[in-house]
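Comments concern the structure below.
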2 protein chains.
Amino acid sequence: MLTSVDPDVIRVLGDPLRLRIVTLLARETLCTTHLVEETGARQTNLSNHMKVLREAGIVETEPCGRYTYYRLKPEILTGLSEQFAELAASARAAAENKRACP
Amino acid sequence: MLTSVDPDVIRVLGDPLRLRIVTLLARETLCTTHLVEETGARQTNLSNHMKVLREAGIVETEPCGRYTYYRLKPEILTGLSEQFAELAASARAAAENKRACP
DNA sequence: CTTTCACATCATCGCTCGCTGATACCAGCG
DNA sequence: CGCTGGTATCAGCGAGCGATGATGTGAAAG
């Protein structure tokens with residue numbers, strides 16, 4: 001048990017627009033055009049965010065002709081879920097574990 | 001099933017120092033002095049972060065003499081864990097659910 | 001009461017990072 | 001080939017936010 005959460009992934013998901021993108025991609029696999037429609041953001045802006053999500057290993061790209069589809073990698077989300085569950089369990093166990101005042 | 005994650009909580013945890021603080025508090029209940037020692041951050045800086053964590057409902061304060069102890073609220077972490085688990089499940093189910101190119 | 005120490009608040013600085021516009025790239029289609 | 005449309009990359013701007021220093025408050029210790 002490591003009882004910690006990957007700071008990089010959380011940091012990437014900390015941006016509201018990126019979290020929105022992830023939520024959308026959890027429902028269906030979409031390409032940039034769809035995401036532009038859904039979010040109202042500019043294509044450039046979206047492409048930048050997709051790059052961040054890709055480099056963080058949160059999404060995968062699947063070229064389809066001249067379109068680029070983005071698919072969520074569920075393992076990442078599952079990992080986060082487990083890490084937070086561990087943290088929660090640890091926090092519950094350590095509730096009364098007070099370090100003495102110096 | 002809402003299949004989304006609270007953006008505010010994630011945003012707050014997106015900061016590396018705050019995530020570190022949460023990780024430390026998952027092991028034991030600490031006061032500001034302890035956190036200063038553990039993280040090496042200045043007291044002012046830490047106090048600011050604790051205010052953010054408090055306002056986000058992630059930690060609770062427990063005054064003890066002139067010390068202030070901080071305790072994690074495990075429900076928040078449990079909620080996050082469940083929300084990410086939902087997202088992961090939804091992502092797995094929607095893997096082949098591609099929207100047609102316009 | 002005075003001092004000391006833990007902690008919070010405030011104002012300010014500085015830098016990161018998200019947003020934008022311009023541009024380049026690539027794949028289909030005529 | 002030339003054109004169109006989808007997408008990525010790059011440079012620059014500007015707001016947001018994290019870090020700092022000065023200062024205030026409140027509680028114990030002397």
Side-chain angles (χ1 to χ4, degrees), chain A residues 6-25 28-72 98-102, chain B residues 6-25 28-72 98-102:
Chain A
D6 186 350
D8 296 329
V9 177
I10 296 292
R11 166 161 254 248
V12 167
L13 293 182
D15 182 78
L17 181 50
R18 283 197 289 261
L19 186 60
R20 182 118 187 278
I21 293 171
V22 168
T23 303
L24 288 171
L25 289 180
E28 47 184 346
T29 297
L30 298 170
C31 62
T32 309
T33 309
H34 295 135
L35 290 171
V36 168
E37 291 173 6
E38 295 286 340
T39 63
R42 312 261 173 176
Q43 180 266 324
T44 302
N45 187 13
L46 222 58
S47 203
N48 284 330
H49 282 301
M50 296 321 291
K51 179 178 184 177
V52 176
L53 286 171
R54 202 187 321 134
E55 289 177 344
I58 300 176
V59 301
E60 280 175 340
T61 67
E62 180 192 349
C64 173
R66 55 180 172 174
Y67 302 92
T68 304
Y69 277 93
Y70 290 95
R71 193 179 330 107
L72 267 188
K98 239 189 257 184
R99 187 188 295 191
C101 318
Chain B
D6 186 349
D8 294 329
V9 177
I10 297 293
R11 166 160 254 248
V12 167
L13 293 183
D15 182 78
L17 181 51
R18 283 197 289 260
L19 186 58
R20 181 116 186 281
I21 293 170
V22 167
T23 304
L24 288 171
L25 289 180
E28 48 184 346
T29 297
L30 298 170
C31 62
T32 310
T33 309
H34 294 136
L35 290 171
V36 168
E37 292 173 5
E38 295 285 339
T39 62
R42 312 261 172 176
Q43 180 265 326
T44 301
N45 188 13
L46 222 60
S47 201
N48 284 330
H49 282 299
M50 296 321 291
K51 180 178 184 178
V52 175
L53 286 171
R54 203 187 320 135
E55 288 177 346
I58 300 176
V59 301
E60 281 175 340
T61 67
E62 180 193 349
C64 173
R66 53 179 173 176
Y67 301 93
T68 304
Y69 277 93
Y70 289 95
R71 194 180 331 107
L72 267 187
K98 239 189 257 182
R99 187 187 295 193
C101 320

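Protein chains get the first letters and strands the later ones, always in sequence-line order, with residue 1 at the start of each.
Distance, B:L19 CG to D:dG18 P: 13 Å, rounded to whole Å. Atom-to-atom, CZ of B:R54 to C1' of C:dT9 comes out at 11 Å; the value is rounded to the nearest Å. The nearest whole Å value for the distance from the CG atom in A:N45 to the C1' atom in C:dC19 is 5 Å. Going from atom NZ of B:K51 over to atom P of C:dC7 covers 17 Å, rounded to whole Å. Atom-to-atom, CG of B:D15 to C1' of C:dC15 comes out at 14 Å; the value is rounded to the nearest Å. Taking atom CD of residue B:E62 and atom C1' of nucleotide D:dA27, one finds them 16 Å apart after rounding to whole Å. Whole-Å rounding puts the A:I21 CD1 to C:dG18 P distance at 11 Å. When rounded to the nearest whole Å, the span between CG of B:N48 and P of C:dG14 equals 18 Å.
Along DNA chain C, the nucleotide nearest B:M50 and the nucleotide nearest A:H49 are compared for position; the residue whose nucleotide lies closer to the 5' end is B:M50. Comparing A:V52 and A:C64 against DNA chain C, the residue whose closest nucleotide sits nearer the 5' end is A:V52.
Expressed to the nearest 0.5 Å, how far OG1 of A:T39 lies from CG of A:L46 amounts to 4.5 Å.
Contact annotation: A:Y69 does not reach the phosphate of D:dT7 (side-chain N/O to OP1 or OP2, under 4.0 Å). The phosphate of C:dG18 (OP1 or OP2) has no side-chain N or O of A:R42 nearer than 4.0 angstrom. For D:dG6, the OP1/OP2 oxygens have no side-chain nitrogen or oxygen of A:T68 closer than 4.0 Å. Regarding contacts with the backbone of D:dA8, every side-chain N or O of A:Y67 stays at 4.0 angstrom or more from both OP1 and OP2. Taking 4.0 angstrom as the limit, B:T44 places none of its side-chain polar atoms (N or O) nearer than this to OP1 or OP2 of C:dC7. The phosphate of C:dC7 has neither OP1 nor OP2 within less than 4.0 Å of any side-chain N or O from B:R66.
Listed for the B:S47 side chain is no donor-acceptor partner under 3.5 Å among the backbone atoms of B:Q43. Although no hydrogens or angles enter the test, the distance criterion places no donor-acceptor pair under 3.5 Å between the side chain of B:Y70 and the main chain of B:V22. No donor-acceptor pair closer than 3.5 Å links the side chain of B:Y67 to the backbone N or O of A:A100.
When the nucleotides D:dT9, D:dG18, C:dC19 are ranked by their closest atom to the side chain of B:R18, D:dG18 comes out on top. Side-chain proximity of A:R11 to C:dC19, C:dC17, D:dT9: nearest is C:dC17.
Within 3.5 Å, no donor on the side chain of B:T32 pairs with an acceptor on the base of C:dA8, nor the reverse. With hydrogens and angles ignored, a donor-acceptor pair under 3.5 angstrom links the side chain of A:Q43 to the base of D:dA8.
For the pair A:R99 and B:E38, the minimum side-chain heavy-atom distance is below 4.5 Å.
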